[in-house]
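Reading through the structure tokens given below for one structure.
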2 protein chains.
Amino acid sequence: MLSRRFLQNRCTTLTDAEHLAIDGAVSQVITIGQRKTISQAGERLTKSTLLVEGFMCRYIDDRKGLRQLVAMHVPGDFVDLHGYPLKWLDHDVATLTQAVIAEVPHAALDRILDDQPALAKKLWFSTLMDAAAHRAWLFRLGRLDAMGRIAHFLCEMNARLQAVGLSDGHGFALGITQYDLSEACGLTSIHVNRVLKQLREEGLCTFRGQYCEIHDAAALAKRGQFDAGYLYLGSDQT
Amino acid sequence: MLSRRFLQNRCTTLTDAEHLAIDGAVSQVITIGQRKTISQAGERLTKSTLLVEGFMCRYIDDRKGLRQLVAMHVPGDFVDLHGYPLKWLDHDVATLTQAVIAEVPHAALDRILDDQPALAKKLWFSTLMDAAAHRAWLFRLGRLDAMGRIAHFLCEMNARLQAVGLSDGHGFALGITQYDLSEACGLTSIHVNRVLKQLREEGLCTFRGQYCEIHDAAALAKRGQFDAGYLYLGSDQT
DNA sequence: CGAACGTTTGAGATGACTCAAGCGTTGTGG
DNA sequence: CCACAACGCTTGAGTCATCTCAAACGTTCG
């Protein structure tokens, strides 16, 4: 059951019937290679994407083609559910690693909206969790220095991956490069490299290859002024 | 009719019955002084706020009490509708200027959700417009220099105020200080001051006192890499 | 074996910050 | 009615974080 994982990190109170409704709304499950764009800004959308496996991101291009990541997605996320009410998106959606996704046609969501207001509200809730994450990212970019930003980002990833069982709290695989990190944190990849070295030397964490090891979660959270509240883990609909 | 203005800038296709439903959901209309906090992060919420007149903002505090604005609100905005599905917010909500607000109890929204799925979807849409604005702000903070950030911010305000008839495209009143601007753009107020001077000297715009005059909208938009698409003006539900 | 990619390091430039001070306006109390 | 405090705006000088340009290294893959 696909949706067992979906909303495990999003809404903890889905009923069995609701799980079935979401599973039933999926039209197909497909595998996509790494670094593929699955939808572009402005494109008319007729379906949304549930991420089953792998990592995805959403980003905005600047005039020179440089990207600003605006969201990271981990398995269980309803990546572009925003595209359902909005009809088209203001940003691009792409895979970072190879990914398995489930496609949900908007027509199926229409039916849920009409018939199951309680489930509709949970889907709405899920999109607002994304908005809360956006706000935390704004805080990160607006108020933290380079080291704080990276610390904050890694704390977020650790917490979110823990929520879906992909981190044990001490480390996790994240298939992204230092360049991706720089796009998420509004820095150059060169500076990211130096900051990662510093985080390593100060015993906070080691980000190397595809793996990030957290040596001192408390110190990392402090350095990044990280407070997991905005992730709304396990706090829906109660 | 309060909601005539609400969703004028949010959803252009509200039916008369829907306007009535929203007006009927308002429990009271009150006036609040400038710089008053109306709700704090973590607080349990039972109502949401429709901004009728004046300016409001949402912000996140850092450890030292410095603020990062995450949203600006103009008349017509459903300021903290996010608080309805989320139940509590990850940020504070406050007035900037004196403001007139209409309060909408969440119980009344529950009824709309159950009875009027089409209207519910429009409310959902409205919160996703806020999320889209968050993303544009992320782009602003992550990819633009100080001058670009301020140019982008002022373009956004100009466009949004135009949508509610509070700007003619060449200037608008915005009751905020240079310090507020710095909190929105992730800069110090001193640097904001220097950048405003430069914008003035280059003939792009004059931000002075409570008024912002746009001298060259096209050049300002170019400098801030501003594209109004993310505001979804007049593009809902069609 | 060579190309592509991601990472690492160095040196120098620069945009934004900090600290410090002064100015103008508004509002208030003696 | 004046004195003064509070606030917002303005400017200067010096510092520092981050960026840019440049180069080299290791791994992977064809």
Side-chain angles (χ1 to χ4, degrees), chain A residues 33-36 55 62 64-69 96-98 140-154 173-202 205-213 223-224, chain B residues 33-35 55 62 64-68 96-98 140-154 173-202 205-213 223-224:
Chain A
Q34 60 177 1
R35 301 190 185 268
K36 301 290 180 204
F55 296 100
D62 84 350
K64 298 177 202 150
L66 292 175
R67 306 195 304 180
Q68 174 61 46
L69 296 202
L96 287 164
T97 63
Q98 189 180 81
R140 179 189 299 157
L141 293 181
R143 287 286 156 237
L144 300 181
D145 64 7
M147 200 168 169
R149 289 183 206 177
I150 292 176
H152 189 281
F153 177 86
L154 294 176
L174 191 65
I176 68 172
T177 65
Q178 293 182 6
Y179 193 85
D180 297 322
L181 240 189
S182 77
E183 291 182 323
C185 294
L187 301 165
T188 59
S189 62
I190 293 173
H191 199 56
V192 164
N193 180 273
R194 294 188 226 268
V195 169
L196 288 175
K197 183 181 178 185
Q198 213 181 332
L199 284 168
R200 207 183 312 134
E201 288 173 353
E202 293 183 13
C205 66
T206 301
F207 181 99
R208 209 161 233 167
Q210 312 288 43
Y211 197 80
C212 178
E213 197 179 341
R223 186 62 182 78
Chain B
Q34 58 178 0
R35 300 188 185 270
F55 296 99
D62 82 351
K64 298 179 200 149
L66 292 176
R67 307 195 303 180
Q68 174 61 46
L96 287 164
T97 62
Q98 190 180 80
R140 181 189 298 157
L141 293 182
R143 286 288 156 236
L144 301 181
D145 63 8
M147 199 168 171
R149 288 183 206 178
I150 292 177
H152 189 281
F153 178 86
L154 294 176
L174 192 66
I176 68 171
T177 64
Q178 293 182 5
Y179 194 84
D180 296 323
L181 240 189
S182 77
E183 290 182 323
C185 294
L187 302 165
T188 60
S189 63
I190 294 174
H191 197 57
V192 164
N193 180 273
R194 294 189 226 266
V195 169
L196 289 176
K197 182 182 178 183
Q198 212 181 332
L199 285 168
R200 207 183 312 134
E201 289 173 352
E202 293 183 13
C205 67
T206 301
F207 181 97
R208 208 160 234 168
Q210 312 289 43
Y211 197 81
C212 178
E213 197 179 341
R223 186 61 181 80

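In this text the structure is predicted, and so the values were computed from the model without any measurement. Naming convention: chains lettered A, B, ... in sequence-line order (proteins, then strands); numbering from 1 in each chain.
- Judged by distance alone, the side chain of A/R149 and the main-chain N or O of A/C185 form a donor-acceptor pair under 3.5 Å.
- Relative to the side chain of B/H191, the nucleotides D/dC19, C/dT18, C/dA16 differ in distance, and C/dA16 lies closest.
- Under 3.5 Å, the side chain of A/R208 and the base of C/dG6 form no donor-acceptor pair of N or O atoms.
- To the nearest 0.5 Å, the span separating CG on A/L187 from CZ on A/R194 amounts to 12.0 Å.
- Protein atom CZ of A/R200 is 11 Å distant from nucleotide atom P of C/dT7, rounded to whole Å.
- Checked against C/dG6, D/dC19, C/dT18, the side chain of B/R194 finds its nearest nucleotide in C/dT18.
- Between A/L196 atom CG and C/dT8 atom P the separation is 8 Å, expressed in whole Å.
- B/R35 has its CZ atom 18 Å from the P atom of D/dA6, to the nearest Å.
- Residue B/Q178 holds its CD atom at 11.0 Å from OG1 of B/T188, rounded to the nearest 0.5 Å.
- Between the B/T97 side chain and the B/F55 main chain, a donor and an acceptor come within less than 3.5 Å of each other.
- Taking atom CD of residue B/Q198 and atom C1' of nucleotide D/dT11, one finds them 15 Å apart after rounding to whole Å.
- When all heavy atoms are compared, the tightest approach of B/L144 to B/G224 is CD1-O, 3.4 Å.
- Taking 4.0 angstrom as the limit, B/Q178 places a side-chain polar atom (N or O) nearer than this to OP1 or OP2 of D/dT10.
- Within residues 143-153 of chain A, the residues that place at least one heavy atom under 4.0 Å from DNA chain D are, in residue-number order, A/D145, A/A146.
- Contact check, A/T188 against D/dT18: no side-chain N or O comes under 4.0 Å of OP1 or OP2.
- One can place CG of B/L181 at 13 Å from C1' of D/dG8, the figure rounded to the nearest angstrom.
- Note on A/K197: a side-chain N or O is less than 4.0 Å away from OP1 or OP2 of C/dT9.
- In terms of modelled atom types and a separation under 3.5 Å, the side chain of B/R143 and the main chain of A/R67 share a donor-acceptor contact.
- The distance between atom CD of B/Q210 and atom C1' of D/dG8, rounded to the nearest whole Å, is 10 Å.
- Contact between B/L96 and B/Q34 at its shortest, heavy atoms only, is O-CB, 3.3 Å.
- Residue A/N193 has no polar side-chain atom (N or O) positioned under 4.0 Å from OP1 or OP2 of C/dT7.
- For A/I190 and C/dA11, the CD1 to P distance is 15 Å, given to the nearest whole Å.
- Rounded to whole angstrom, the span from the CG atom of B/L174 across to the C1' atom of D/dG8 amounts to 15 Å.
- Using a 4.0 Å heavy-atom cutoff across all strands shown, B/L187 reaches sugar-phosphate atoms only and no base atom.
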